[in-house]
Amino acid sequence: MRCPFCGNIDTQVKDSRPAEDHVSIRRRRFCPACGGRFTTYERVQLRDLVVVKSNGKREDFDRDKLERSIRIAMQKRPIDPERIDQMISGIVRRLESMGETDIPSRTIGEIVMESLARIDTVAYVRFASVYKNFQAADDFDRFVSELRPASEKGDE
Ligand SMILES: [Zn+2]
C-alpha cells in the first residue's frame, strides 16, 4: 500500500483487527521512509458491486442470482459441482478486480459466456441463446426463468 505522505510503496502493517462493524478489517500502517502512519480498511468488495442494466437501472450485484443462472445452464451436464463453484468464484473475482463498482450487465454476461465456453460447450450454447433475448429484455429474472428447463415452465 502506497504511503499517502511520501509515495513510498513499501509500507508496513503494524496492527490488523476487525472494525466495529465486522465487515471490514482495520489496518494500521507505518511508512519506514517518512515515518508516516495511516489506516486502511479492507472489506469484501462484493458488497459494493452494482449491476447497471442497459436501461440505466441499477441493482446490487447478487452472487446467488449469478450462480442460479449458471447452474441452470449447467443442469445435467457432467461437470463437477466443485468446478462450477470455482468458475463462479473466478467470475466474481474478475468482476471485483475490474476496479469499478458499476458493472454493465452486458459485461457480466460476456464474462459468464467466456467462462462457460471454456468448461462446457452445451452449457455455453444454452446460456448464450438465452442471453441474446436477455439483452433485448434486459431483465435478469426473466433471463433466469427462460433458462429453466421446459418441464419446469408450466407454472408461468
Ligand atoms: Zn511515507
Looking at Phe61 and Leu66, what are the two nearest heavy atoms and their distance? CZ-CD2, 3.9 Å
Please tell me whether Ile88 and Val122 are part of a single hydrophobic cluster in this structure, the criterion being side-chain heavy atoms less than 4.5 Å apart. no
Calculate, to the nearest 0.5 Å, the distance between atoms OH and CZ belonging to Tyr124 and Arg118 respectively. 12.0 Å
Checking one residue: Phe5. Which other hydrophobic residues are in its cluster under the side-chain 4.5 Å linking rule? Met1, Phe38
Quick one: CZ on Arg2 to SG on Cys31, what's the gap to the nearest 0.5 Å? 11.0 Å
Rounded to the nearest 0.5 Å, the OG1 atom of Thr121 sits from the CD1 atom of Ile119 at a distance of 11.0 Å
Correct closest heavy-atom pair for Phe127 and Ser69 would be CE1-OG, 4.0 Å
Looking only at heavy atoms, the pair that brings Cys6 and Cys3 closest together is N-SG, 3.4 Å
Specify the closest pair of heavy atoms between Asp10 and Asn8, including all atoms of both residues, with the distance to one decimal. N-OD1, 3.0 Å
Find the distance between CE (Met74) and CG (Leu116) and round it off to the nearest 0.5 Å. 5.0 Å
With a sphere of 6.0 Å drawn around CD of Gln12, does it hold more than 12 non-hydrogen atoms of other residues, nucleotides or ligands? yes
Is there side-chain contact between Asp60 and Val50, with heavy atoms separated by less than 4.5 Å? yes
Arg27 side chain vs Thr40 backbone, donor-acceptor pair below 3.5 Å: no
Spacing of Arg93 atom CZ and Ile111 atom CD1 [to the nearest 0.5 Å]: 12.5 Å
Do Gln86 and Ser115 have side-chain heavy atoms sitting under 4.5 Å apart? no
For the CD atom of Glu100 and the CG atom of Leu95, what is their distance to the nearest 0.5 Å? 12.0 Å
Salt bridge (charged side-chain N to carboxylate O under 4.0 Å, His left out) contacts touching residues 28-40 (sequence neighbours left out): none
Do the non-hydrogen side-chain atoms of Arg71 and Asp85 ever get within less than 4.5 Å of each other? yes
